[in-house]
Amino acid sequence: MRLEREFYTRADTLLVARELLGKLLVVPAAGGERVSGRVVETEAYLGAGDKASHAFGNRRTARTETMYAVGGTAYVYFVYGMHHQFNVVTGAEGSPHAVLVRALEPAEGLELMRLRRPVKDDRALTSGPGKLCRALGIDRSFDGADLTGGRLWLEDDGARVRPGEVASGPRVGVAYAGEDALRPWRFWNKGNPFVSRR
DNA sequence: CAAGTGATTAGC
DNA sequence: CTAATCACTTGC
């Protein structure tokens with residue numbers, strides 16, 4: 001079942017980041033074929049008060065504008081000249097919180113993923129934020145897309161992640177964020193081989 | 001370990 | 001306008 005607006009608009013972004021683990025991210029291919037992966041790693045970005053967030057201090061620019069949209073909107077941006085990053089906007093409209101999806105366990109459409117990302121080992125297919133965007137075909141044309149609409153979405157297929165299987169720790173690549181760099185706002189499935197390596 | 005790549009941003 | 005930076009990946 002597709003996640004609905006109410007899942008995303010809750011005020012507790014850390015809770016949404018944890019509950020996103022185990023959900024299926026689905027991006028249908030041009031032919032309609034389902035290409036999907038199960039979320040195994042996320043990071044929460046807590047808006048205006050979070051030094052690591054693009055929206056720190058309520059910064060509003062052309063890029064960050066999407067973060068101010070209502071929960072359940074896709075925030076996709078481009079970094080390092082070659083990689084896209086897929087985020088889920090959370091909370092109410094005007095509150096720039098978001099959750100970065102850092103890694104997936106491939107579920108459907110593996111052949112297409114291997115075509116888009118020729119790697120020796122399937123573990124390298126979606127085990128990183130840039131990798132999974134490439135494998136699922138997510139680019140900036142998805143920025144601002146409605147996750148309760150039709151181009152891409154997250155769904156609950158009944159799989160459950162027990163609290164004991166969830167680990168948390170500092171976020172990756174945010175050393176510039178001072179004391180916020182140490183906050184344990186990264187969540188992952190303990191022992192899952194598709195979690196990005198560090 | 002460092003290069004690569006180009007959008008984005010802050011600072012003139 | 002210019003220069004620095006960047007929520008990364010890959011290959012040496």
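Values in this document were obtained by computation on a predicted structure and should not be read as measured data. Letters A, B, ... are given to chains in the order of the sequence lines, protein chains preceding strands, and every chain is numbered from 1.
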### Message
Going by the rule ring-ring contact (aromatic ring centres under 6.0 Å, His included), which residues pair with A:His83 if we only count those two or more places apart in sequence or in a different chain?
### Response
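A:His83: no ring-ring contact (aromatic ring centres under 6.0 Å, His included) contacts found.
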
Calculate the interatomic distance between [X] atom [atom1] and [N] atom [atom2]; express it in whole Å.
X        : N     : atom1 : atom2 : answer
A:His83  : B:dG4 : NE2   : C1'   : 9 Å
A:Lys51  : C:dC6 : NZ    : C1'   : 19 Å
A:His84  : B:dT5 : NE2   : P     : 15 Å
A:Phe78  : C:dC6 : CZ    : C1'   : 12 Å
A:Glu41  : C:dA7 : CD    : P     : 16 Å
A:His54  : B:dT8 : NE2   : C1'   : 10 Å
A:Leu132 : C:dT9 : CG    : C1'   : 13 Å
A:Asp143 : B:dA7 : CG    : C1'   : 13 Å

### Task
Kindly indicate, with the supporting measurements, whether the criterion salt bridge (charged side-chain N to carboxylate O under 4.0 Å, His left out) is fulfilled by A:Arg183 and A:Asp180.
CA-CA 5 Å; A:Arg183 304 198 185 282; A:Asp180 285 338; 2.5 Å; yes

### Query
Taking for each residue the nucleotide of DNA chain C with the nearest heavy atom, is it A:Ala124 or A:Ala52 whose nucleotide lies nearer the 5' end?
A:Ala52

### Query
Mapping A:Tyr176 and A:Val119 to their closest nucleotides on DNA chain C, which lands nearer the 5' end?
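Of the two residues, A:Tyr176 wins.
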
### Task
Check salt bridge (Lys or Arg N to Asp or Glu O under 4.0 Å) between A:Arg10 and all other residues, then give those that pass, not counting sequence neighbours.
A:Glu19

### Query
So which one's nearest nucleotide on DNA chain B is more toward 5', A:Met82 or A:Arg140?
A:Met82

### Query
A:Leu136 and side-chain contact (heavy atoms from CB on, under 4.5 Å): which partner among A:Val26, A:Val101, A:Val35?
A:Val35

### Message
Exactly one of A:Arg140, A:Gln85, A:Arg63 should register a side-chain contact (heavy atoms from CB on, under 4.5 Å) with A:Phe78. Which one does?
### Response
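Exactly one option meets the side-chain contact (heavy atoms from CB on, under 4.5 Å) with A:Phe78, and it is A:Arg140.
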
Between [X] (side chain) and [Y] (backbone), is there a donor-acceptor pair under 3.5 Å?
X        : Y        : answer
A:Asn87  : A:Tyr75  : yes
A:Arg5   : A:Gly71  : yes
A:Arg186 : A:Gly169 : no
A:Glu105 : A:Val40  : no

Detail all sub-3.5 Å separations between protein N/O atoms and N/O atoms belonging to nucleotides 10-12 of chain B.
residue, atom, partner, partner atom, Å
B:dA10, OP1, A:Arg59, NH1, 3.0

Taking only the side-chain heavy atoms of [X] (C-beta and beyond), determine which of [options] contains the nearest atom.
X        : options              : answer
A:Tyr77  : C:dA7, C:dT9, B:dA7  : C:dA7
A:Val172 : C:dA7, C:dC8, B:dA7  : C:dC8
A:Leu100 : B:dT8, C:dA7, C:dT9  : C:dA7
A:Lys131 : B:dG4, C:dT10, C:dC8 : C:dT10

### Message
Mind checking if A:Arg134 touches a base, just sugar-phosphate, or nothing, with heavy atoms under 4.0 Å?
### Response
nothing

### Query
For A:Glu43, which contact category applies under a 4.0 Å heavy-atom criterion: base, sugar-phosphate, or nothing?
nothing

### Message
Defining pairs by Watson-Crick or G-U wobble geometry with both distances under 3.5 Å, how would you list the stems of DNA chain C with at least three pairs each?
### Response
B:1-4 with C:8-11, B:6-11 with C:1-6

### Query
Does the ring centre of A:His54 sit less than 6.0 Å away from the ring centre of A:Tyr77?
yes

### Message
Holding to side-chain contact (heavy atoms from CB on, under 4.5 Å), I want the full list of residues that pass it with A:Ser95, two or more places apart in sequence or in another chain.
### Response
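A:Ser95: side-chain contact (heavy atoms from CB on, under 4.5 Å) contacts with A:His97.
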
### Task
Using only side-chain N and O atoms of A:Arg63, determine if any of them is under 4.0 Å from OP1 or OP2 of B:dA7.
no

### Query
Is the CZ atom of A:Arg117 crowded by more than 12 outside heavy atoms at less than 6.0 Å?
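Yes, the 6.0 Å shell around CZ holds more than 12 heavy atoms from other groups.
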
### Query
Between A:Arg38 and A:Phe194, is NZ or CZ placed under 6.0 angstrom from the six-membered ring centre and within 45° of the ring axis?
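No.
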
### Near-strand residues of residues 86-97 of chain A, defined as heavy-atom separation under 4.0 angstrom from DNA chain C
A:Asn87

### Query
Under the 3.5 Å rule, do the base of B:dA7 and the side chain of A:Tyr80 count as making a donor-acceptor pair?
no

